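Counting convention: from 1, in listed order, for ligands and their atoms alike. Numbers here are sequence positions counted from 1. Being a predicted model, the structure only gives us computed values, none of them experimental.
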Amino acid sequence: MTTPVSPDSLPLLQQPLDRVLGPKTAKPFAPLGIVTVGDLLRHAPRRYMERGELQPLGDYPDGQDVSFLGRVDDVSLRRMQSKRGAILTATVTDGAVDMLLTFFGRGEGHLQGHLRKLRIGELGIFSGKVGHYRGKVQLTHPDYEMVDDPDELDSTIERRSKPIPMYPATSKLPTWKIATAVQTVLALLTPEDVPELLPATVRGPGGYLPAFEAIRALHVPESLDEAEWGRRTATFQEAFVLQALLVRRRRANLALRATPRPGRPDGLLAAFDSALPFALTRGQQAVGEELSHDLAGEVPMLRLLQGEVGSGKTVVALRAMLQVVDSGGQAALLAPTEVLAAQHHRSISRMLGDLALGGTLVAAAESTQVALLTASLPTTQRRLALAAAASGDAGIVIGTHALLSENVQFLDLGLVVVDEQHRFGVEQRDKLREQGTRVAHSLVMTATPIPRTIAMTVFGDLERSTLGEVPAGRAEVATFLIDWENEAWVERMWARCAEEVRGGGRVYVVCPRIDAHDDGTEDDGEPDEALLDAQGRPLTEKRPLSAVLDVVDQLRARPEFAATAEAPEIGIGMLHGRMSAEAKERVMTEFASGATPMIVATTVVEVGVDVPEATVMVILDADRFGVSQLHQLRGRIGRGERPGVCFAVSTHVGGEGPTAERLAAFAATRDGFRLAEHDLDLRREGDVLGAAQSGITSSLVSLRVLRDRDIIEQAHRDASALLEEDPDLEGMPGLRAELDRIETTRMGEFLERT
Ligand code: ADP
Ligand code: MG
């Protein structure tokens, strides 16, 4: 519950935008996450345009950035034939040379704004990246500004003698509208409105501007040089605020108390260790000791365990859970999906054997119960699991988000393990920890290799452990890129799948979507780009994306998988998000047992699924997946002793451009950390981690800074030094208020979502 605050009493930067601009003008800003004055001022220009940049029209090489003055000669809007969506083209001329402008939209309605603005006969200043299409020079989605009245031309160009900020925009909110809104707000803004976030001692050495000057430099620079300093200051501020927040959280954690869980020499853990069928790797031992030490202490453990896919994190976590159970406490294990929770429940029960039969007659002397608690459980089972958690009979409770719901009570929760953290927000983590009077220890695990800069940013409040090696005897995995168009290779690939299954292996086939109506992506409100390929050309001539429901039928009809004289037919199952938890569970069990040795799936198999017999991973339309995702998928095979093979099938194989490069990088290495760095280089700003993954909301950070390791590290050092010297930030009231504001808004947003 938050007390309503009258907007008038809020500082200007926190005032809702609609109060300052009016509801109608403010409305289109909301989809960009811009709801307050501060949000608007944090929306930094993507680049600046200068008068000196205006060029004559001409045939420029592909990729060249151009800006020119031209007259609209012709405009047409039509629906695309072979694909949903509409296209608007305009010809702009300087009298001698023509340039084609092209805009794509999800429907004709999405392009009406351009249609209204691009009036035939009128002048405008256009700017964009040159491309060629059917022999014509074109700009796709150019930035432009129309000169409404020719008499205004001089003043428009005059205005351009200062750099013109070009903002990240949408079709409903073009850059000039953003610029106008920024001007309105800047007219109201005084230095007193802008709290200083960087101590002078930090600003000085870096040459960063005071906060107010930085805002003006960013939005209304006199020169490109000034704009650059505005940008650097804003970036550093962002990194600094975030690091200060994380350092402060970490310090706050040191002040909290947990119940020490030192374990016992003759308990479950000892019994488990002596029955373990393999030797722990050195990494598992070392991390195990770190965890054991943390758990024995009074300061709540707050640790991130990073480890390559297959490095054996589950055993490490289980051993920590057993130490807690041995100390009289309970442990909760949270998985991102029901499939994974069920798998953990199965494999942990199996690993524990007799030790997991607590409360039954055949139980070993030292034993406990392992309960599974997911949203889709039948009521009776759910009630039993809830009771076992509440009574303390279940030493280990495994579940999904359902565990976060309020009515799950633990008798004495000592440890929360979150598997595959990148799917959980920081807030969720906190929510579970805070049950009871003392906070629980917490361990967060991820197999997604996280580049250091992201780790520092997203997990900066956590201690970190890493499992470097995978257990010895792990098989090789070879990766092949297969060109969709090369039929012989595709045929050979399916034949290979059949051979693997006949030899006792299992095959995953992953598709980017479930059926033809599912476009494989969440609706992100950016329809335009989804219709373009990597070169900015429309996707009209592309083959449709592979879909689980179609591929299953196609494969079942193939002769390779049919019964032969010697062998029965190869069963092909499917797995996707629209199936019930029960059905998914059945499919995974049949896959693991070999009854259905092949499954066609969406990326539900991406994370953590562990079937040691799986030897082949076929990824259809591999270009639709990010590098880290591909790496995760490939991590599903080669987990046992049998060598694995991964086929990445795409139309982009061997070509040029970022997509082909991404696939080539993926095929070239199995080193997850190198791939993650590569991914970071390729992705767009702000796209590095979705807000849901990072647990850090967009209003806090654009993550631009993640590109620059030095900045993050410098900000971390500066923030640590500041909080060391001034733990309560007495000397930096502006920074303190900003950190408090972020903590409360994030908490608020989280509570609203649950
Ligand atoms: P991940 O780190 O990807 O979560 P898992 O914990 O699922 O990996 O472990 C992958 C497989 O390796 C499991 O089948 C597990 O039993 C096995 N495993 C774990 N540690 C070892 C080890 N030290 N030696 C051999 N096999 C191991
Ligand atoms: Mg795992």
Side-chain angles (χ1 to χ4, degrees), residues 269 272-289 291 303-322 333-353 355-356 396 398-400 417-424 443-450 464-477 506 508 588 591-593 603-615 617 628-644 670-673 675-676:
L269 177 56
F272 174 77
D273 279 350
S274 64
L276 202 61
F278 46 73
L280 296 174
T281 64
R282 259 184 304 156
Q284 285 172 320
Q285 279 167 19
V287 173
E289 274 160 33
L291 299 184
R303 193 174 277 280
L304 171 70
L305 171 55
Q306 273 183 277
E308 266 290 2
V309 281
S311 58
K313 294 181 291 296
T314 315
V315 177
V316 173
L318 179 56
R319 294 184 68 250
M321 294 193 271
L322 292 176
L333 170 60
L334 266 68
T337 63
E338 301 217 341
V339 170
L340 263 193
Q343 175 188 291
H344 273 314
H345 182 250
R346 233 183 358 251
S347 65
I348 285 179
S349 302
R350 193 183 52 220
M351 278 195 266
L352 288 174
L355 302 175
I396 296 176
I398 299 173
T400 55
V417 180
V418 181
D419 195 17
E420 304 301 348
Q421 159 67 27
H422 62 291
R423 301 257 168 126
F424 278 88
L443 174 67
V444 163
M445 305 197 288
T446 178
T448 306
I450 305 170
R464 289 191 288 277
S465 303
T466 303
L467 279 183
E469 54 191 325
V470 293
R474 272 301 152 68
E476 276 306 301
V477 173
R506 312 264 193 284
Y508 294 103
M588 279 315 292
F591 181 65
S593 74
T603 51
V604 285
V605 298
E606 179 190 334
V607 180
V609 170
D610 185 28
V611 176
E613 293 81 7
T615 50
M617 170 62 68
S628 297
Q629 242 182 334
L630 292 171
H631 181 65
Q632 279 286 337
L633 288 169
R634 180 169 55 185
R636 299 306 109 221
I637 55 169
R639 297 171 76 84
E641 273 136 42
R642 310 160 62 92
R670 272 179 87 195
D671 180 333
F673 282 87
L675 286 173

Checklist entry - Applying salt bridge (Lys or Arg N to Asp or Glu O under 4.0 Å), which residue pairs with at least one partner in residues 309-320 are found, sequence neighbours left out? => result Asp273-Arg319

Checklist entry - Which residues pass the side chain to side chain donor-acceptor pair (under 3.5 Å) test with Arg506, sequence neighbours left out? => result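 So Arg506 forms no side chain to side chain donor-acceptor pair (under 3.5 Å) with any residue.
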
Checklist entry - Considering only heavy atoms of Ser311, which atoms of ligand 1 have at least one such atom less than 4.0 Å away? => result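 Close to Ser311: 2 (O), 8 (O).
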
Next on the checklist: Under 4.0 Å from a heavy atom of Thr281: which atoms of ligand 1 are those, numbered in the order shown and with their elements?
Outcome noted: 23 (N)

Item to check | CD-CG distance between Gln284 and Leu467, expressed to the nearest 0.5 angstrom | outcome: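 So the CD of Gln284 and the CG of Leu467 are separated by 6.0 Å.
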
Checklist entry - If we only count heavy atoms from C-beta on, is the Val418 to Met445 side-chain gap below 4.5 Å? => result no

Item to check | Val444 vs Leu305 side-chain heavy atoms within contact, under 4.5 Å | outcome: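 No; the side chains remain at least 4.5 Å from each other.
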
Under a 4.0 Å heavy-atom limit, does [X] contact ligand 1 with its side chain, its backbone, both, or neither?
| X | answer |
| --- | --- |
| Met351 | neither |
| Ala279 | backbone |
| Thr314 | both |

Checklist entry - Is the shortest distance from a heavy atom of Gly307 to ligand 1 less than 4.0 Å? => result no

